[in-house]
Amino acid sequence: MNEMSQLQPTLADLVGVSTGPMPASLYTDPNQYELERERIFRRAWLMVGREERIVEPGQFFVKDIAILSASIIITRAKDGQVRAFHNVCSHRGNHVVLEPEGKANRFACRYHGWTYKNTGELIGVPDESGFFDFDKKKCGLTPVACDIWDGWIFINFQPRPEVGLMEFLGSFGTEFADIPYPHADNCLILSGEINANWKCLADNFSEFYHIQSIHPKTLAPVYAGKDNPCSRPLDAGAYGAHRSVAGWLNIGYQPPANWKVVRWLYPANQTVTGTQKEGEVNPLAEHPMVNHPKRKDWSSDVNWIFPNWHIQISASRFWTHEFWPRNRSQSSWEARFYQPKATTVRERLQLEHFTATITDTFLEDLANIESTQKGMESGAKSFVYLHESEILIRHSLEQVDKWTRAKTMAEALD
Ligand code: FES
Ligand SMILES: [Fe+2]
């Protein structure tokens, strides 16, 4: 009997989720999408970026959130505080900031020149005396609730959020805090517009079950093997609305000896297995919630924070996926791979090799994501059947269903 088949009880028992088929309508029903807009995206705390993007006073970036037709400016002012505002001019509603990111202490709307401080106050109105009963103090940028957890910036679209960020994060927020994320100030960004419901997109990055089928050359040699051909995960956990799974590693894998160039391209700090060298202390892998089962045959964790983003962690790096709905059957995907800056030609080539490899795997994924959505749109299937390994998907669908039924946040988080 191999190690995987000894996993008892099942992951579903451990996490406390259901085991029956799940309704396919969650991915296709227009009413479901409307409920998700109002009861998930307008109520949940949504992660918009890492703090390292706006380290210096005046730095800002703009996040477009299509499902709420919103454009949000996230900026750090001189007082050090990070604030979020609707990117909407108080004059006649134009978008004030048109650049995706930058550095500015004030924002000027190009239409008629109204100007705002980066703390939101309106400070300049051309020919101000021509306006009637005009109170500039009431015409600042509209603030959006904003808070930070462990370097991750979140916003909330409720004018007065029913629950704070820490309450929303619950036990996930305490147990997964203080992870020493390496190279958090430098990342490679991959993004795309995908013809699939946001959950269908997120599901793909939430299970290892497909590795042997669609990634036979790219990922399967490392993440599947004769002891675990379908990449069953090592462990899983649920933390309120959030969830985590630990992936398996084919620890004995080495690239074939005649792949000399490939061997040379593996970064020194990232062995083929992605784990640290014998005897090396690695603060990232030491964190109690990184490689939670603390097994040698561990590849990476997928931490899925409700509703729409992942933090994935291996022994040498971390990366994120964001899944943003554009409409019922179209989504925006953004992956950020945090990595060291190259200091030698070899390191530069290693990073390029990594980029090329990871891009190949995503191309293998994306084609299947879009055709899955197409298949579900046909209405031929009323249910989807989820394997034990697809535990994150099941927990996600259960939470989506719970939130869309819940009239209050207290009910949703209960
Ligand atoms: S709409 Fe912004 S200044 Fe007129
Ligand atoms: Fe994949």
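Numbers for residues simply follow the sequence, beginning at 1. Remember, it's 1-based here, ligands and their atoms both numbered in the order they're listed. What you see below is based on every heavy atom in this structure, not just the backbone, and it leaves out hydrogens, waters and symmetry mates.
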A.B. asks: Determine, stepwise, if the pair Phe306 / His395 fulfils ring pair (Phe, Tyr, Trp, His ring centres under 6.0 Å).
C.D. replies: CA-CA 10 Å; Phe306 184 83; His395 186 260; 8.7 Å; no

A.B. asks: Among the N/O/S atoms of Asp365, select the one at the shortest distance from the Fe ion (ligand 2) and name it.
C.D. replies: OD1

A.B. asks: Within less than 2.8 Å of the Fe ion (ligand 2), any N, O or S from Glu364?
C.D. replies: no

A.B. asks: Against heavy atoms of Gly113, which atoms of ligand 1 measure under 4.0 Å?
C.D. replies: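 Per the distance check, 3 (S).
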
A.B. asks: Quick check on contacts: which atoms of ligand 1 are under 4.0 angstrom from a heavy atom of Trp114?
C.D. replies: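 Going through ligand 1 atom by atom, the ones under 4.0 Å from Trp114 are 3 (S).
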
A.B. asks: Please report the shortest heavy-atom distance between Phe157 and Ala70, naming the atom on each side.
C.D. replies: CE2-CB, 3.7 Å

A.B. asks: Quick one: report the N, O or S atom of His112 that is nearest to atom 4 (Fe) of ligand 1.
C.D. replies: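 Answer by atom name: ND1.
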
A.B. asks: Report the C-alpha distance between Asn303 and Phe176 in whole Å, list the side-chain angles of each, state the deciding distance to 0.1 Å, and finish with yes or no for side-chain contact (heavy atoms from CB on, under 4.5 Å).
C.D. replies: CA-CA 9 Å; Asn303 301 323; Phe176 289 76; 3.5 Å; yes

A.B. asks: Using a cut-off of strictly less than 2.8 Å, determine whether His91 has an N/O/S atom near atom 2 (Fe) of ligand 1.
C.D. replies: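 Checking His91: none of its N, O or S atoms is under 2.8 Å.
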
A.B. asks: Could you go through Asp360 and Thr357, starting from their C-alpha distance and side-chain angles, then the distance that decides it, and tell me whether this counts as side-chain hydrogen bond (donor to acceptor under 3.5 Å, both in side chains)?
C.D. replies: CA-CA 5 Å; Asp360 277 354; Thr357 308; over 6 Å; no

A.B. asks: Taking the six-membered ring for Trp, are Tyr33 and Trp198 closer than 6.0 Å centroid to centroid?
C.D. replies: no

A.B. asks: Check whether the ring centres of Phe172 and Trp45 lie less than 6.0 Å apart, and answer yes or no.
C.D. replies: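 Ring centroids of Phe172 and Trp45 are no less than 6.0 Å from each other.
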
A.B. asks: I'd like to check which ligand 1 atoms, numbered from 1 as shown, lie under 4.0 Å from a non-hydrogen atom of Tyr111.
C.D. replies: 1 (S), 4 (Fe)

A.B. asks: Where atom 2 (Fe) of ligand 1 is the centre, what is the SG-to-SG angle for Cys109 and Cys89, rounded to 10°?
C.D. replies: 110°

A.B. asks: Under 4.0 Å from a heavy atom of Arg92: give me the atoms of ligand 1 that qualify, with their elements.
C.D. replies: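 Those atoms are 1 (S).
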
A.B. asks: Can you tell me how the ring of His321 sits relative to the ring of Phe323, calling it parallel under 30°, perpendicular over 60° and tilted otherwise?
C.D. replies: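 Taking Phe323 first and then His321, their aromatic rings lie parallel (interplane angle under 30°).
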
A.B. asks: For ligand 1, which atoms, with element, lie under 4.0 Å from some heavy atom of Asn94?
C.D. replies: 1 (S)

